[in-house]
Amino acid sequence: MVLSVFTYSVRERLAGIVVGSFAIAVLLWFSLIVYADVDLTFYYDLPPALLDPMGISPETGGLGGIAFGAMYNLMGAMMLAGLSIAIGTAAVAGEEQDGTLSLLLGNPRSRSAIVGSKMAALLALTGLGALLLYGTGVLVPSLVGTSIEGVQVGALVVHLFANAVFWGMLALAIGAWTGQPAIAGGTAGAVMVVSWLGASTLPTVSGGDVIARVFPWYWFNSSSPEIHGVNVAHLGVLLGASVALTVVSLVGVNRRDLRSGGSRVTVLDRLRSNPRTAAAADRVGGQARVSSITAKTATDHQGLAAVVGAVALYMGLLMPIFYTFLPEGTSEFFAQLPDSMIAMIGGVDMSTPQGFLQGEVFSITVPIAMITLTAVVGARALAGEDEAHTMGLLLASVVPRHRVVLHTSLAMVALACVVGGMTFVGTTTGVLLARLDVSILNLLAISVLVTLLGIVFGCLALVVSAATGRVRWATGATAIAGLAAYVVQSFLPLSERYTDWAVISPFHFYLGSDPLTRGMPWGDAAVLVGLAVALVGIAIPLFERRDLRG
């Protein structure tokens, strides 16, 4: 029984780990390729307030150190910790909300044994993610011919693992005591972002280093493990705190009366229970079971959405300020880049503020983050429930299948809009602080378009999820389709013979009209909306006709 719980938990979250690691691999490859011939010494003239949050230390030196600082110390750490939070949130609070924890405990196994198997799954998945990042960190530089001498990838990954485990255990502990996944995931995600900001910015002010030690993120990368190797003391703090949270989790889940799932009574529920107000309440809130599908889907993925949104907000805020520190002569360098490199960043002139923001924020970073979120939500919305054998319980009620698809789609759209909004707020704030000549309306346009792009690929994941009932197939197919679409839009226009074929890529309708310079292309936006609607329309009959697992 314990082994089966472990196996199920690993299988349930495996796709997110693989997709997230793949995204970091693409970002690392991109950064090593594009900046291979750039004089990056100007990085070390930047103020510590900019370098520290990016995870870049003046001691690293060279392209490898900068790339690993930004891609692993920041994005890789956020990705792995965010997925760990999602795993920890679902371990107890998620099962409890779904009403499946009572089924697990109906077997002759103690609460501690069940929770222990969930913790083992968290450790295994986080460890797998760390191994994938290690493999990526060793393989990608060798493939592109970039030296990473002096960068201790293994030590950095060990710290990444310990950091991610801590945040996952924090979410698990909160969920064990509250039984509320919204509180567990939301609190852990918010504390993580605050911890990262505090640990990154406080050491730059006088006396701030002492205060920064109260933030767990400080013990992850303040010792620069990519340079100095594993810091046993710092690692011991994180692992010791994780052990303490393990004890807290076991005490909490054993002392508390568990809920059977969905037991919370809202004001709307009370109105529905009264015959005089039931009809009006149903019109306002919809059927109770249907309206809860949207809320549950959004709640299950709010931790991942918070992390993705925080990364998008931070990159949008940082890059406009970073542009003002570029040394003289950079524009001439960008003008000499080969067409293949320019194509990888959307075919724009990076010597301009608009081109630089598109290349650094909107060409790869935000689309990957957005598609990762929507693909995971779209894949798990249907196939996840099917693999967990909980979809049958839902469909045994009066909820028709097409409403399940529509309401899970609505939750995915809502989460994508939150990340798109955070992207717009971050870039707008950065542009205003840096006083760049970039239109705020154009920033809004490209933020809307990247949101629509993510929704399209999320709906594609929903189609594969509806057709196969397999989370791994849905996320894998979406990742492959996203990479193919990006390559088509980036490289086919380099050939006059094939340039017209770029229109088959959704990325063409996202960046093809240069929205950051020219404004909103309403026709392209309409195409992306139409694609999303069409994919949902395809998912509905596929889901209605497929036999679910028993």
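Looking at heavy atoms from C-beta onward, L357 lies out of side-chain contact with Y323 at the 4.5 angstrom threshold. P225 has its side chain out of reach of V230: every pair of non-hydrogen atoms, C-beta onward, lies at least 4.5 Å apart. Contact check for M192 versus P216: no side-chain heavy atoms found under the 4.5 Å cut-off. By the 4.5 Å heavy-atom criterion applied to side chains, V115 and L250 are counted as neighbours.
The distance from the OG atom of S223 to the CG atom of N221 is 7.5 Å, given to the nearest 0.5 Å. Once rounded to the nearest 0.5 Å, the distance linking CD1 of I174 with CD1 of I183 reads 9.0 Å. In this structure, L80 CG and S21 OG are separated by 7.0 Å, a value rounded to the nearest 0.5 Å. Rounded to the nearest 0.5 angstrom, M422 CE and L317 CG are separated by 11.5 Å. Residue I85 holds its CD1 atom at 9.5 Å from CE of M78, rounded to the nearest 0.5 Å. One distance of note links NE2 of H234 with CG of L239; it measures 13.0 Å at 0.5 Å rounding.
Between A474 and S465, the closest heavy-atom pair is CB-N, 3.8 Å. The heavy-atom pair separating S447 from G420 by the smallest distance is CB-O, 3.9 Å. Of all heavy-atom pairs between A416 and I455, the closest is CB-CG1, 3.8 Å. Of all the heavy atoms in A481 and L460, the pair that sits closest is CB-CD2, 3.6 Å. Nearest heavy atom pair, residue S84 against residue G168, reads OG-CA, 3.2 Å. Closest approach of A93 to G175, counting heavy atoms only: CB-CA, 3.7 Å.
Within the structure, the side-chain hydrogen bond (donor to acceptor under 3.5 Å, both in side chains) test picks out the following pairs touching residues 159-172 (sequence neighbours left out): N163-W167.
S249 pairs by the side chain to side chain contact (heavy atoms under 4.5 Å, CB included) definition with M119, L172, A173, A176, not counting sequence neighbours. S112 meets the side-chain hydrogen bond (donor to acceptor under 3.5 Å, both in side chains) test with N254; sequence neighbours excluded. Listed by chain and residue number, L202, P203, Y218 satisfy the side chain to side chain contact (heavy atoms under 4.5 Å, CB included) test with A212 (two or more places apart in sequence, or in another chain). With sequence neighbours left out, T428 forms a side chain to side chain contact (heavy atoms under 4.5 Å, CB included) with F424, L432, I440, L443. The side chain to side chain contact (heavy atoms under 4.5 Å, CB included) check on A312 picks up V366, V419, T423, with sequence neighbours excluded. Taking F220 as the reference, W217 meet the ring pair (Phe, Tyr, Trp, His ring centres under 6.0 Å) condition, with sequence neighbours excluded.
Checking side-chain atoms of T246 against main-chain N and O of S242 turns up a donor-acceptor pair under 3.5 Å. A donor-acceptor pair under 3.5 Å is absent between the side-chain atoms of S222 and the main chain of W219, judged by distance alone.
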Query raised in the report: Hey, mind stepping through L462 and T408 against side-chain contact (heavy atoms from CB on, under 4.5 Å) and telling me if it holds?
Result: CA-CA 9 Å; L462 195 72; T408 52; 4.2 Å; yes

Please tabulate, for the side chains in residues 123-139, all donor-acceptor contacts under 3.5 angstrom to protein atoms that are two or more places apart in sequence or on a different chain.
| from | atom 1 | to | atom 2 | distance (Å) |
| --- | --- | --- | --- | --- |
| T126 | OG1 | L122 | O | 2.7 |
| T136 | OG1 | L132 | O | 2.9 |

Check: residues 372-379 side-chain donor-acceptor pairs under 3.5 Å, at least two apart:
| from | atom 1 | to | atom 2 | distance (Å) |
| --- | --- | --- | --- | --- |
| T372 | OG1 | I368 | O | 2.7 |
| T374 | OG1 | M370 | O | 3.1 |
| T374 | OG1 | I371 | O | 3.3 |
| T374 | OG1 | G454 | O | 2.7 |

